[in-house]
Amino acid sequence: HDRPRALSGIQPTAESFHLGNYLGAVRQYVALQETHDAFYMVVDLHAITVPQDPERLRANTRIAAAQLLAAGLDPERCTLFVQSHVPEHAQLGWVMNCLTGFGEASRMTQFKDKAAKQGADRASVGLFTYPVLQVADILLYQADAVPVGEDQRQHIELTRDLAERFNTRYGQTFTMPSPYIVRETAKIYDLQDPTAKMSKSAATPKGLINLLDEPKVSAKKIKSAVTDTDTVIRFDPENKPGVSNLLTIYATLTGTRIAELEQKYEGKGYGALKTDLAEVLVEWVTPFRARTREYLDDPETLDAILAKGAEKARAVAGETLAQAYERVGF
Ligand code: ADP
Ligand code: NA
């Protein structure tokens with residue numbers, strides 16, 4: 001391959017992506033398909049690390065794929081597929097499990113957070129080893145760049161450690177990947193608690209913008225976003241996390257610099273900023289929803305895109321797996 005490789009995945013664990021997924025990750029997927037040989041997948045194997053209803057999972061996987069296409073992924077310019085369609089992920093995942101220290105896996109902060117939410121005894125072993133499956137996901141494609149939000153940084157570090165460990169033990173096999181994290185949008189915050197990241201497991205649904213919600217509902221959430229008791233519109237994440245989060249969202253959706261927005265809203269109140277941002281969001285999300293619908297209403301096309309993607313992905317993943325298995329002694 002002439003271009004550097006990019007690889008990333010997104011979970012089908014909700015009926016819709018949220019604004020944090022889009023700004024923190026999916027936007028970068030779209031940009032990197034122009035410069036990279038890019039592979040993007042809906043990670044349904046990761047989804048079952050917590051209990052899933054089978055029919056719901058199947059539907060959410062299709063919705064996730066439709067949303068990736070609606071966001072601008074072009075199956076002619078990238079490879080879009082579903083993780084479970086490519087068995088090499090689980091196959092290399094096992095090898096990586098055997099290379100990972102128990103203590104090393106125990107230090108993954110996302111596991112600690114997610115396990116705590118479920119009650120440590122009820123968390124699955126799959127949830128515990130999910131970062132190791134993610135290592136296999138990345139290494140199978142010899143990825144150079146992994147576009148993700150800030151919360152995934154530690155998992156990319158683990159990937160680098162395991163790539164090096166495998167290469168040292170068995171001979172040069174895997175490319176060393178780097179996280180591709182756009183600082184400005186690496187962490188979009190909850191609208192009701194702007195010190196916590198926007199997440200599908202949000203404490204209150206009012207803090208979370210779901211991209212498939214009625215635009216009116218999302219507009220309302222923007223208008224009732226928590227800010228502070230000051231009135232100045234200034235980007236200051238430390239002291240003004242709520243306002244800063246709104247400015248980040250506004251700047252990114254419109255391609256405006258934050259300094260320009262600060263100037264535009266000088267002497268105006270939070271109400272004006274929220275009203276305008278609500279409008280910006282509605283204008284962006286309305287066609288996005290319509291495009292998602294179109295893909296969902298045409299299941300043959302969506303299936304064909306995903307089948308072709310899986311075939312392209314397997315060609316690369318199969319080659320890497322064969323080499324890795326041979327090195328291990330299989
Ligand atoms: P979630 O974290 O909501 O469960 P995923 O784990 O499926 O969602 O994450 C998909 C991608 O979206 C990952 O690259 C993750 O880093 C990114 N992401 C998730 N939440 C945010 C957020 N609030 N801000 C920026 N990026 C995010
Ligand atoms: Na995440």
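Residues take their numbers from the sequence shown, with the count starting at 1. Counting starts at 1 for both ligands and their atoms, in listed order.
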Just by distance, with hydrogens left out, do [X] and [Y] show a side-chain donor and acceptor under 3.5 Å apart?
X: Tyr265; Y: Asp276; answer: yes
X: Tyr29; Y: Ser8; answer: yes
X: Asp44; Y: His85; answer: no
X: Gln11; Y: His46; answer: no

Any Thr13 heavy atom less than 4.0 Å from ligand 1: no
Ligand 1 contacted by His46 (non-hydrogen, < 4.0 Å): no
Arg160 side-chain N/O to Pro177 backbone N/O, donor-acceptor pair under 3.5 Å: yes
Test item: Gln154 side-chain N/O and Arg107 main-chain N/O as donor-acceptor pair under 3.5 Å: yes
With nothing but distance in play, are any N or O atoms of [X] less than 3.5 Å from an N or O of ligand 1?
X: Asn21; result: yes
X: Gly20; result: yes
X: Gln152; result: no
X: Thr185; result: no
X: Tyr130; result: no
X: Lys197; result: yes

By number and element, which atoms of ligand 1 are closer than 4.0 Å to a non-hydrogen atom of [X]?
X: Val148; result: 14 (O)
X: Gly24; result: 25 (C), 26 (N)
X: Gly149; result: 14 (O), 15 (C), 16 (O), 26 (N)
X: Ile10; result: 7 (O), 10 (C)
X: Ala25; result: 11 (C), 12 (O), 14 (O)

Between Tyr141 and Phe81, ring centroids under 6.0 Å: yes
Arg122 atom CZ, neighbour heavy-atom count above 12 within 6.0 Å: no
Electrostatic pair Lys197:Asp190 at N-O distance under 4.0 angstrom: no
Lys/Arg-Asp/Glu bridge criterion (N-O < 4.0 Å) met for Glu104, Arg165: yes
With a 4.0 Å heavy-atom cut-off (strictly under), which part of [X] contacts ligand 1: side chain, backbone, both or neither?
X: Lys200; value: both
X: Ile188; value: both
X: Ala186; value: backbone

